[in-house]
There are 2 protein chains.
Amino acid sequence: MTRLLPPPDRQRATTVLDVARLAGVSAMTVSRTLNQPQRVPPATRQRVQAAVQATQYVPNLLACGLRSRRSRLVAAIVPALGSPVFSDTVQALTATLAEAGYHLMLGQSGYGPAGEDALLQAVIRRRPDGIVLVGVDHSRQARDTLAGCGVPVVETWDLTPAPIDMLVGFSHADVGAAVCRFLAGQGRRRLAVVSGADARAARRTQAFQATAHALGLPTPAVVEAEAPTTLGHGRQALRALLALPAGVDGIFCSSDMLALGVLTEAAHQGIAVPGRIGVVGFGDQPFAADAEPALTTVRVDGARIGHEAALRVIGRIAGAPAAELPALDVGFSIFTRRSA
Amino acid sequence: MTRLLPPPDRQRATTVLDVARLAGVSAMTVSRTLNQPQRVPPATRQRVQAAVQATQYVPNLLACGLRSRRSRLVAAIVPALGSPVFSDTVQALTATLAEAGYHLMLGQSGYGPAGEDALLQAVIRRRPDGIVLVGVDHSRQARDTLAGCGVPVVETWDLTPAPIDMLVGFSHADVGAAVCRFLAGQGRRRLAVVSGADARAARRTQAFQATAHALGLPTPAVVEAEAPTTLGHGRQALRALLALPAGVDGIFCSSDMLALGVLTEAAHQGIAVPGRIGVVGFGDQPFAADAEPALTTVRVDGARIGHEAALRVIGRIAGAPAAELPALDVGFSIFTRRSA
DNA sequence: CTGAAAGCGCTAACAA
DNA sequence: TTGTTAGCGCTTTCAG
């Protein structure tokens, strides 16, 4: 903890008043010119804009936000900033929000509700106009805090019958079931799952196993890997699965990176993919199409999730009633390439 | 652009005054209890803290920042949020800043100064207490803006004799030269570079070529790939290099993902690595150690860059003179594994 | 179409 | 140790 010294005495910043004086108008007119230019006649507008240029005026959004009760800030909390899974979503969020004049404030919760609670507490102090969360598993405390502060909330990347507020995602259970049927449909019977330690992956795994059971297949083996999942985890997992007496002929990995590890180890051991083992990933990362063999994987439109989440936040801020912003299931698809 | 409606009439938020009334003290005492608890006697402190709990008070950092002229916000602008290269840096920045009570505000400039200028403009409106940039190539406008607004700035991931303010990085020219000597030292003579389109990678490439020239080697071929670099780009690049009449026996890739692509294509074509071609990556991503063969790569301590950058911002905010916060070269190393 | 007054929620500066 | 006063920079509100 650093000891706080008095703030540096930067020269007093230029304010609307400085601009107003130079333009020969009132502060209000400057404010209007900046925020609702169409409500100011062109002649005045130009004088003000010239004065803004001349004074190098930079609006203070802290003051704007305080007075107007709109920070023009939307917070997004993702499990891992580095994770490529969410980067399309973050990208789309940023872009769509920017078009509407909002900035995105990113936070990383690090999987699990403990980090999320602390982050949420910190974030709310900045008075965001909206909050976007990944996942639907939040602590009681988080739900109360969010419900209490009246900020629009969108949960993403999952579905639940009881969202905090708004919802854009897809069913992880459906993913697990679909991939299981997909592999079984290729005649594979000794299935397995390699799964990172996160709640959504666990949901996919569970449905995968239930579906295997329903299809009369042997119970799939499960190898757990720590998050974040790496290529090394995938290689280890395949070695572990090959050591099993039952053997394995179809593997569902909870990330493409894990799947790439499985492919790498298979190639290293001379095991034919998809001949002897079929491999399915999750995420359709940029490398999936170019892996050897090309990776069959679950494709989710992360950009659409981000875009729709942004639209919902913006809509709610603009006063749209809940009925106009229904929960959205963006679905998923199994993108078939060579590996299965 | 969404039309702005009047802000939602959320119930008036609880303020320091509400807490003060309940605790039977003044607003100032509440403020002190929150910000400098050691300056309030334990008895008072406890009464206030109880009142904070009871009222569910959440401080408004917009107001704090406006009044105290300290937003407790540090902005970081990185070329690509998704890029795993910077994730250690962002992680360390976040952690070190958080310890000192600062939040990190992340922005993505998307390589190239155009995006950076716009983002910078937007960011400064939030009145950050410090700004961390990746790279040292900034537009004239950006440099002026930053110098003018008096905010501490740290440039990172590169070195320059003329930083805007503070600097934590390493020499990309040295990297290019070192890798060239490394490959040449293995007796490889027909060298090549596969490079993403970014300024720092270009600097490494240039030094690589200059060093090859100095060593009396043939001019290395260069294959450019768009950013962000992918495994597919790496595969394509190797195919292109193999089609060259001169041939190739050593390749320096500007990212580990490109290198993984080169390895993949080499394996696919039955080309021995490191036997026939040596491959060196950049970044030491988590997958590098587990690639087949394990990837020799340039390792940079991204976490240290983030940590040191944070220390510099905090130090400058606390009033430390420039002399106490010298430019720092964190260096790099070539992490030798099997691929070269 | 424009401006004057007031105040968002908080803390710096001073006084007691 | 505590409180009072004032005002950060902006925009809401209402009157001209």
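These figures come from a predicted structure and were not determined experimentally. The sequence lines fix the lettering, A, B, ..., with proteins before strands; numbering per chain opens at 1.
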Within the side chain of Ser83(A), is there an N or O that forms a donor-acceptor pair under 3.5 Å with the backbone of Ala80(A)?
-> no
Take Arg200(B) and Asp137(B), measure what salt bridge (Lys or Arg N to Asp or Glu O under 4.0 Å) needs, and give me the verdict at the end.
-> CA-CA 9 Å; Arg200(B) 287 172 294 285; Asp137(B) 305 307; 5.2 Å; no
Could you tell me whether Arg143(A) atom CZ has more than 12 heavy atoms of other residues or ligands within 6.0 Å of it?
-> yes
Counting side-chain heavy atoms from CB outward, which of dT2(C), dA12(C), dT13(D) is closest to Met28(A)?
-> dT13(D)
Ala23(B) versus Ala51(B), closest heavy-atom pair with distance = CB-CB, 3.8 Å
From Val132(B), Asp88(B), Val168(B), Leu93(B), residue fulfilling side-chain contact (heavy atoms from CB on, under 4.5 Å) relative to Ile305(B) = Val168(B)
Find the distance Leu17(B):CG to dC10(C):P and express it as a whole number of Å.
-> 8 Å
When you look at Thr89(B) and Arg304(B), which way does the side chain to side chain contact (heavy atoms under 4.5 Å, CB included) test go after all the steps?
-> CA-CA 7 Å; Thr89(B) 300; Arg304(B) 183 162 173 228; over 6 Å; no
Tested for side chain to side chain donor-acceptor pair (under 3.5 Å) against Gln36(A), the lone hit among Arg39(A), Arg32(A), Gln38(A) is Arg39(A)
Verify the contact: side-chain N or O of Thr29(B) to OP1 or OP2 of dT2(D), cut-off strictly under 4.0 Å; return yes or no.
-> no
Which nucleotide in the set dT2(D), dT11(C), dC1(C) lies at the smallest distance from any side-chain heavy atom of Pro41(A)?
-> dC1(C)
Mind checking whether Gln91(A) and His307(A) have side chains closer than 4.5 Å, heavy atoms only?
-> no
Just do the side chain to side chain donor-acceptor pair (under 3.5 Å) check on Asp18(A) and Thr55(A) with the steps written out, would you?
-> CA-CA 8 Å; Asp18(A) 300 312; Thr55(A) 54; over 6 Å; no
Which pairs, protein N/O on one side and nucleotides 14-16 of chain C N/O on the other, fall under 3.5 Å?
none

Which angle, to the nearest 10 degrees, lies between the helix axes at the two ends of the helix from dC1(C)-dG16(D) to dA16(C)-dT1(D), each defined by five pairs?
-> 30°
Spacing of Gln36(A) atom CD relative to dC1(C) atom P, expressed in whole Å = 12 Å
Between CZ of Arg70(A) and C1' of dT11(D) the distance, given in whole Å, is 12 Å
Could you give the CG-to-P distance, from Asn35(B) to dA13(C), as a whole number of Å?
-> 14 Å
Using nucleotides 6-9 of chain C, report all nitrogen or oxygen pairs with the protein that are shorter than 3.5 Å.
from   : atom 1 : to       : atom 2 : distance (Å)
dG7(C) : N2     : Arg67(A) : NH1    : 3.4
dG7(C) : N3     : Arg67(A) : NH1    : 3.3
dC8(C) : O3'    : Arg69(A) : NH2    : 3.4
dC8(C) : O2     : Arg67(A) : N      : 3.4
dG9(C) : OP1    : Arg69(A) : NH2    : 2.9

All heavy atoms of Pro152(A) vs all of Met166(A), minimum pair found to be CB-CE, 4.0 Å
Calculate the interatomic distance between Arg72(A) atom CZ and dT11(D) atom C1'; express it in whole Å.
-> 13 Å
Quick one: does Thr33(A)'s side chain have a donor or acceptor within less than 3.5 Å of a partner on Thr29(A)'s backbone?
-> yes
